[in-house]
Asks: 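Supplied in structure tokens, the structure appears directly below.
Start at 1 and go down the list; that is how both ligands and their atoms are numbered.
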Amino acid sequence: MIDAVEQLDVVKGRIAAAEREAKRPGGEVTLVAVSKTFDADAIRPVIGAGQRVFGENRVQEAQGKWPALKAEFPDVELHLIGPLQSNKAKEAVALFDVIETVDREKIAAELAKEIARQGATPRLYVQVNTGSEPQKAGIEPREAVAFVKRCREVHGLKIEGLMCIPPAEENPGPHFALLAKLAREAGVEKLSMGMSGDYELAVAFGATGVRVGSAIFGTR
Ligand SMILES: *Cc1c(COP(=O)(O)O)cnc(C)c1O
């Protein structure tokens with residue numbers, strides 16, 4: 001069985017090396033440890049080893065394990081990295097510190113409503129479907145800059161960054177470059193890109209956060 005605490009160290013070391021290689025300041029890239037499908041007992045040692053930022057892709061699954069873990073470790077920061085249904089906006093705003101998957105008008109409107117109602121302040125990213133894949137969530141690249149603007153001006157949402165999941169079978173480099181370009185055009189600073197197979201490349205392309213699951217917790 002994979003030792004998640006050992007693997008966490010390996011991944012952190014490789015991120016640090018990628019930062020040096022890219023001549024970026026050490027510690028600039030946030031590691032989001034993706035704990036989807038793993039239960040609280042698998043996650044707790046990783047928190048014990050010092051990891052504080054985690055990602056989950058389903059609201060309902062996260063609700064089953066994170067309220068108790070957050071009570072135990074109040075400084076944990078939880079990111080929603082999976083598609084958000086508008087009927088789950090209330091729960092998402094209540095549980096997550098960062099919602100990375102804002103990708104359409106209806107979600108933006110629901111989030112704005114819940115943020116006002118709950119007085120919560122989740123940080124928000126817009127997900128971009130850089131490969132224009134029909135089955136994948138995310139706004140089309142050509143609409144992304146205007147959508148960020150509408151989130152701000154129409155819905156009063158403060159968008160901090162962009163997120164993408166490149167097509168599985170393609171070289172991710174051009175997708176990371178596109179996301180970085182769109183972020184500059186939209187005037188946002190955070191870039192969530194890179195997973196177990198390509199996080200070092202993402203660091204080279206300017207990722208500020210990488211989402212790594214199986215390289216830490218093992219295969220799902
Ligand atoms: C599962 C998931 C990850 C992590 O994937 P790994 O290949 O296991 O590192 C990253 N981002 C998103 C959006 C995911 O759903």
Asks: What is the closest protein heavy atom to atom 13 (C) of ligand 1, and at what distance does it sit?
Replies: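 Heavy-atom neighbour on the protein nearest atom 13 (C) of ligand 1: Ile81 O, 3.3 Å.
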Asks: Near Val212, which atoms of ligand 1 are under 4.0 Å from a heavy atom of that residue?
Replies: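 Listed by number with element, the hits are 9 (O).
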Asks: Among all protein heavy atoms in this structure, tell me which lies nearest to atom 10 (C) of ligand 1, with the distance rounded to 0.1 Å.
Replies: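 Of the protein heavy atoms, Met195 SD, 3.3 Å lies nearest.
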Asks: Does the distance from a Lys or Arg side-chain N to an Asp or Glu carboxylate O, for Glu56 and Arg58, drop under 4.0 Å?
Replies: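 Result for this pair is no, no salt bridge flagged.
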Asks: Can you report which non-hydrogen protein atom sits closest to atom 15 (O) of ligand 1, along with the distance?
Replies: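 Going by distance alone, atom 15 (O) of ligand 1 is nearest to Lys36 NZ, 2.7 Å.
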Asks: Can you spot which of Lys190, Arg152, Arg123 makes a salt bridge (charged side-chain N to carboxylate O under 4.0 Å, His left out) with Glu160?
Replies: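 Exactly one candidate clears the test, Arg123.
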Asks: Look at ligand 1 and say whether Arg220 reaches it with a heavy atom at a distance under 4.0 Å.
Replies: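 Flag set, Arg220 near ligand 1.
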Asks: Under 4.5 Å between any side-chain heavy atoms of Arg52 and Ile47, yes or no?
Replies: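 Contact flag for Arg52/Ile47 side chains = yes.
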Asks: Kindly check if the number of other-residue, nucleotide or ligand heavy atoms within 6.0 Å of NZ (Lys113) is above 12?
Replies: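 For Lys113, atom NZ is not crowded (no more than 12 foreign heavy atoms under 6.0 Å).
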Asks: Run through Leu95, Ile99, Leu84 and flag the one making a side chain to side chain contact (heavy atoms under 4.5 Å, CB included) with Val59.
Replies: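 Only one option passes, and that is Leu84.
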Asks: Mark up the atoms of ligand 1 that fall under 4.0 Å of a heavy atom belonging to Ser196, in ascending order.
Replies: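 Near Ser196, meaning under 4.0 Å from one of its heavy atoms, ligand 1 has 6 (P), 7 (O), 8 (O), 9 (O).
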Asks: Report, in ascending order of atom number, the atoms of ligand 1 lying under 4.0 Å from any heavy atom of Arg211.
Replies: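 Those atoms are 4 (C), 9 (O), 10 (C), 11 (N), 12 (C), 13 (C).
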Asks: So does Glu61 pair up with Lys36, basic N to acidic O under 4.0 Å?
Replies: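 Salt bridge absent between Glu61 and Lys36.
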